[in-house]
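Read the numbers this way: they start at 1 and go in the same order the structure lists the ligands and their atoms. Side chains are part of it too, since the values below use all heavy atoms of this structure and drop only hydrogens, waters and symmetry mates.
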Amino acid sequence: MFENYLKESLIGKAIDKKILSIDIVNIRDYALGKAKSVDDYVYGGGSGMLMQVKPIVDCYRDIVKDRKVPTYYLSPRGKLFDQSSAVSMAKFEEIVFICGHYEGIDERAIILTGAKEISIGDFVLTGGELPCMVVIDTMARFVDGVLSNSESVTDESFSNFLLEYPQYSRPSDFEGYKVPEILLSGDHKKVEEWRKEKSLEITKANRPDLYEKYIENN
Ligand code: ADE
């Protein structure tokens, strides 16, 4: 799941340039017994299977050795991940992500690895891999050298609680749909004002919660 995505994306380019490195470890390599199992029934009953504590903890200890590495477990139960979490997490030299499957992982694996639980939204996916890639991708944009200057992170959605204004490229008229006159005027001050106004309008309409935050902070 990870390899194709990491090869094809901007993350892949950053890996080639040695700005980032990502090691993917398969928990199955730490499977138990002849059956090579990594999951088992849930004590107390309930549907589905749970990832067992030992393969996860063995794997984790093998990775971190005696270092202290910030560790996150992707889970719908976690604290909500957002742009500002990405900015803070991107400052870490190293980070470990644990991706669960089935019904999740044994609670003791969370305690013994010291993992913080993070969620990418109020919905449930079949495993932690996609959320993990979402988190890695979001964080990577804040690592120096991953984006080129022209792909700046300063003026985009969520910087200062506003969503991004509409943008246009050539042609200036497509099937009668024209680019707003002001953007062709060359008047930078007017363009800035128009963009701000549109950002406010879109944020208020789509994300009243963000709009509130903007008002509180400005
Ligand atoms: N695993 C399953 N659903 C998830 C979510 N919403 N966020 C993070 N990890 C998950």
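For Gly127, the heavy-atom gap to ligand 1 drops under 4.0 angstrom. Under a 4.0 Å heavy-atom criterion, Ile118 is in contact with ligand 1.
With hydrogens and angles disregarded, no donor-acceptor distance shorter than 3.5 Å links the side chain of Asp62 to the backbone of Asp58. Looking at Ser119, its side chain never comes within 3.5 Å of a backbone N or O of Leu80 through a donor-acceptor pair.
An N or O contact shorter than 3.5 Å links Ile120 to ligand 1 by distance. Looking at Pro131 next to ligand 1, no N or O pair under 3.5 Å apart turns up. Backbone and side-chain nitrogen or oxygen atoms of Val124 are examined, and none is located within less than 3.5 angstrom of a nitrogen or oxygen of ligand 1.
Glu107 has a carboxylate O that lies under 4.0 Å from a charged side-chain N of Arg77, or vice versa, which qualifies the two as a salt bridge. In summary, Lys198 and Glu164 do not engage in a salt bridge, as defined by a charged side-chain N under 4.0 Å from a carboxylate O. A salt bridge links Asp106 with Arg108: at least one charged nitrogen is closer than 4.0 Å to a carboxylate oxygen.
Remark: ligand 1 atoms within the under-4.0 Å shell around heavy atoms of Leu74 are 8 (C), 9 (N).
Regarding atom 3 (N) of ligand 1, its nearest protein heavy-atom neighbour is Leu125 N, 3.0 Å. What sits closest to atom 9 (N) of ligand 1 on the protein, heavy atoms only, is Ser75 N, 3.1 Å. Closest to atom 6 (N) of ligand 1 among all protein heavy atoms lies Phe123 O, 2.7 Å. Of all protein heavy atoms, the one lying nearest to atom 1 (N) of ligand 1 is Pro76 CD, 3.6 Å.
Of the N and O atoms on the side chains of Thr71 and Tyr60, at least one donor lies less than 3.5 Å from an acceptor on the other residue.
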Worksheet item: Can you list the steps and then say if Lys196 with Glu193 is a salt bridge (charged side-chain N to carboxylate O under 4.0 Å, His left out)?
Response: CA-CA 5 Å; Lys196 182 72 178 281; Glu193 282 166 10; over 6 Å; no
